[in-house]
2 protein chains.
Amino acid sequence: MAKSTLKPADFKPQAQVFKALGHPGRLLIVDELSRGERCVCELAEMVGSEMPTVSRHLSILKNAGIVDDDKRGTQVFYRLMTPCVMKFFQCVCDVKSKGGAR
Amino acid sequence: MAKSTLKPADFKPQAQVFKALGHPGRLLIVDELSRGERCVCELAEMVGSEMPTVSRHLSILKNAGIVDDDKRGTQVFYRLMTPCVMKFFQCVCDVKSKGGAR
DNA sequence: AAGCTTATTCGCTATTTGGCGAAATATGTC
DNA sequence: GACATATTTCGCCAAATAGCGAATAAGCTT
């Protein structure tokens with residue numbers, strides 16, 4: 001256990017998850033997916049960007065292990081892989097409200 | 001407040017927090033600060049970057065409300081504002097383990 | 001097969017981020 | 001005041017990111 005010599009590179013996998021969540025549009029997508037699966041075109045309309053853009057966002061989220069997809073016919077439905085991701089939101093609100101001791 | 005029409009911009013504050021955590025070096029800093037306050041030069045040595053670089057990382061974390069600083073003499077000590085941030089790590093591990101254990 | 005729909009990949013450009021060294025700022029010491 | 005230490009800000013450049021439209025792929029329907 002070389003816990004005393006942790007390097008930045010050791011945090012790369014976790015950083016990838018945070019980075020994937022570090023975008024307003026992607027957070028909106030995650031929030032929406034917490035209420036059920038959605039296809040790309042539904043999400044594109046919500047986010048207000050073109051489909052290629054949203055598709056790219058989804059691939060980033062998928063790559064980070066946050067969502068997964070399910071192709072049915074011509075559509076692709078995305079869903080949250082880990083509901084625990086939603087706990088982030090509450091915690092982030094705590095950070096933002098700056099409650100301090102917690 | 002019509003919450004039915006949430007827009008990406010509504011998630012900007014939360015995205016800022018995630019973005020701040022979306023960097024390996026900054027995660028290392030947060031991890032280290034979870035064990036107590038540290039001055040910039042200590043963190044710089046840990047991260048392995050020059051002090052200007054680390055100082056910038058710290059300002060990003062501070063701006064996101066994740067850390068706060070305390071100037072004492074010529075040194076500046078940083079500390080975690082919300083210990084709850086550490087819960088993120090566990091949750092991220094969940095995300096990662098689900099993605100890999102298949 | 002032709003045509004329509006849905007989604008992804010590609011090519012491009014604009015913006016942002018990350019890192020460094022140099023310069024500036026602040027505090028303590030002599 | 002001159003000097004040393006700790007930190008931040010500035011100026012620059014390389015790399016990554018975000019967005020779009022065009023092109024491509026895959027699946028229905030007729």
Side-chain angles (χ1 to χ4, degrees), chain A residues 7-30 32-33 36-64 66-80, chain B residues 7-30 32-33 36-79:
Chain A
K7 297 182 315 172
D10 297 322
F11 289 91
K12 234 178 142 189
Q14 292 102 315
Q16 186 192 14
V17 176
F18 286 123
K19 203 187 298 191
L21 293 170
H23 184 285
R26 291 198 288 266
L27 280 186
L28 175 58
I29 289 174
V30 169
E32 178 66 13
L33 291 182
E37 64 178 17
R38 300 283 187 275
C39 70
V40 182
C41 60
E42 287 176 306
L43 295 170
E45 189 175 353
M46 282 201 59
V47 174
S49 299
E50 296 304 313
M51 218 185 300
T53 299
V54 173
S55 179
R56 220 171 109 60
H57 284 319
L58 286 166
S59 81
I60 290 169
L61 289 171
K62 184 182 171 185
N63 226 2
I66 297 167
V67 305
D68 201 3
D69 62 350
D70 184 17
K71 301 172 210 297
R72 293 205 290 274
T74 75
Q75 312 195 85
V76 179
F77 290 87
Y78 280 84
R79 65 174 193 283
L80 266 195
Chain B
K7 298 184 318 171
D10 297 322
F11 289 90
K12 233 177 141 188
Q14 291 102 318
Q16 187 194 14
V17 175
F18 287 123
K19 203 188 298 191
L21 294 170
H23 184 285
R26 290 197 291 265
L27 279 187
L28 175 59
I29 289 173
V30 168
E32 178 66 12
L33 291 183
E37 64 177 18
R38 300 283 186 275
C39 70
V40 182
C41 60
E42 287 176 305
L43 295 170
E45 191 175 354
M46 283 202 57
V47 174
S49 299
E50 295 304 313
M51 221 187 295
T53 299
V54 173
S55 178
R56 222 170 104 60
H57 285 319
L58 287 165
S59 79
I60 289 170
L61 289 170
K62 183 183 172 186
N63 226 358
I66 297 167
V67 305
D68 201 4
D69 61 350
D70 184 17
K71 303 172 209 296
R72 293 206 287 276
T74 75
Q75 311 196 86
V76 179
F77 290 88
Y78 281 84
R79 64 175 193 283

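Note on naming: letters A, B, ... go to the chains in the order of the sequence lines (proteins, then strands), and numbering restarts at 1 for each one. As the structure is a computational prediction, the values presented were derived from the model and not from experiment. What's counted below: heavy atoms across the whole structure, side chains too, no hydrogens, waters or symmetry copies.
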Measure from [atom1] on [X] to [atom2] on [N] and round the result to the nearest Å.
| X | N | atom1 | atom2 | answer |
| --- | --- | --- | --- | --- |
| B:E50 | D:dA6 | CD | P | 14 Å |
| B:D70 | D:dA6 | CG | C1' | 15 Å |
| B:R56 | D:dC12 | CZ | P | 16 Å |
| A:E37 | C:dA7 | CD | P | 12 Å |
| B:I60 | D:dT9 | CD1 | P | 12 Å |
| B:K19 | C:dT16 | NZ | C1' | 8 Å |
| B:R72 | D:dT7 | CZ | P | 11 Å |
| A:L61 | C:dT8 | CG | P | 12 Å |

Test A:R79 against A:D68 for side chain to side chain contact (heavy atoms under 4.5 Å, CB included), laying out the working first. CA-CA 6 Å; A:R79 65 174 193 283; A:D68 201 3; 3.9 Å; yes
Nearest heavy atoms of A:L61 and A:A20, plus distance in Å: CD2-O, 3.8 Å
Considering non-hydrogen atoms only, spot the tightest contact between B:V17 and B:A64 and give its length.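 So the two residues come closest at CG2-O, 3.8 Å.
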Between [N] and [X], is there an OP1 or OP2 to side-chain N/O distance shorter than 4.0 Å?
| X | N | result |
| --- | --- | --- |
| B:T74 | C:dT27 | no |
| A:H23 | C:dT17 | no |
| A:H57 | D:dG19 | yes |
| A:Y78 | C:dT6 | no |
| B:T53 | C:dG18 | no |
| A:S55 | C:dT8 | yes |
| B:R26 | C:dG18 | yes |

Per [X] side chain, nearest of listed nucleotides [options]:
| X | options | value |
| --- | --- | --- |
| A:M51 | D:dT7, D:dA18, C:dT6 | C:dT6 |
| B:Q75 | C:dT9, D:dT7, C:dC20 | D:dT7 |
| A:S49 | D:dT8, D:dC20, D:dA18 | D:dC20 |

Approximate separation, where rounding is to 0.5 Å, of A:L80 CG and A:I29 CD1: 11.0 Å
List the atom pairs, with distances to 0.1 Å, where a side-chain N or O of residues 37-58 of chain A and a protein N or O form a donor-acceptor pair under 3.5 Å, not counting sequence neighbours.
from, atom 1, to, atom 2, distance (Å)
A:E37, OE2, A:R72, NH2, 2.5
A:R38, NE, A:E32, OE2, 2.6
A:R38, NH1, A:G36, O, 3.3
A:R38, NH2, A:E32, OE2, 3.0
A:E42, OE1, A:C39, N, 2.9
A:H57, ND1, A:R26, NH1, 3.0

